[in-house]
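Structure record follows, encoded as structure tokens.
Since the structure is predicted, the reported quantities are computational estimates derived from the model, not experimental observations.
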Amino acid sequence: MEWKEPIEIQLGTIGTRKVEGPFEALIYLIDNWPNRSGPDFVKAKVTCKAAVEGRADAEVARRDFLAAAKEVHCYMN
């Protein structure tokens, strides 16, 4: 499952990446996120996991992931 429009992020040593959907976003949130305590991070992690499991809309997960990216200033679009 992919989003209608990817989100481009910049994460430290990983560099710039385009995140195409909730599964990919969840991997970045779990493995590489610079701040795992912000409220937007927590919400994005829950929503992306729910979207991967089919319990939430992928575009809602995109919105929440975008907010998390803005929260840590890694949004590049």
Residues 39-47 side chain polar contacts: donor-acceptor under 3.5 Å, at least two apart:
from: Thr47; atom 1: OG1; to: Lys43; atom 2: O; distance (Å): 2.9
from: Thr47; atom 1: OG1; to: Asp64; atom 2: OD2; distance (Å): 2.7

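Here CG of Leu66 is found 4.5 Å from CD1 of Ile7. Values are rounded to the nearest 0.5 Å. The NE2 atom of His73 sits 8.5 Å away from atom CD of Glu71, with the distance rounded to the nearest 0.5 Å.
Nearest heavy atoms, Ile30 versus Arg36: O-NH2, 3.1 Å.
Residues passing the side-chain hydrogen bond (donor to acceptor under 3.5 Å, both in side chains) test with Asn35 are Ser37, sequence neighbours excluded. Not counting sequence neighbours, the partners of Ala58 by the side-chain contact (heavy atoms from CB on, under 4.5 Å) test are Met1, Trp3, Pro22. The side-chain contact (heavy atoms from CB on, under 4.5 Å) test applied to Ala69 returns Ile9, Trp33, Cys74, Tyr75, not counting sequence neighbours.
Applying the salt bridge (Lys or Arg N to Asp or Glu O under 4.0 Å) definition to pairs two or more places apart or across chains, none involves residues 16-31. Pairs passing the ring pair (Phe, Tyr, Trp, His ring centres under 6.0 Å) check and including a residue from residues 4-29, sequence neighbours excluded, do not occur. Identified under the salt bridge (Lys or Arg N to Asp or Glu O under 4.0 Å) test for residues 47-60, with sequence neighbours left out: Lys49-Glu53, Glu53-Arg55.
No donor-acceptor pair closer than 3.5 Å links the side chain of Arg62 to the backbone N or O of Cys48.
Both Val19 and Ile14 belong to a single network of hydrophobic side chains, linked directly or stepwise wherever heavy atoms of I, L, V, M, F, W or Y lie under 4.5 Å apart.
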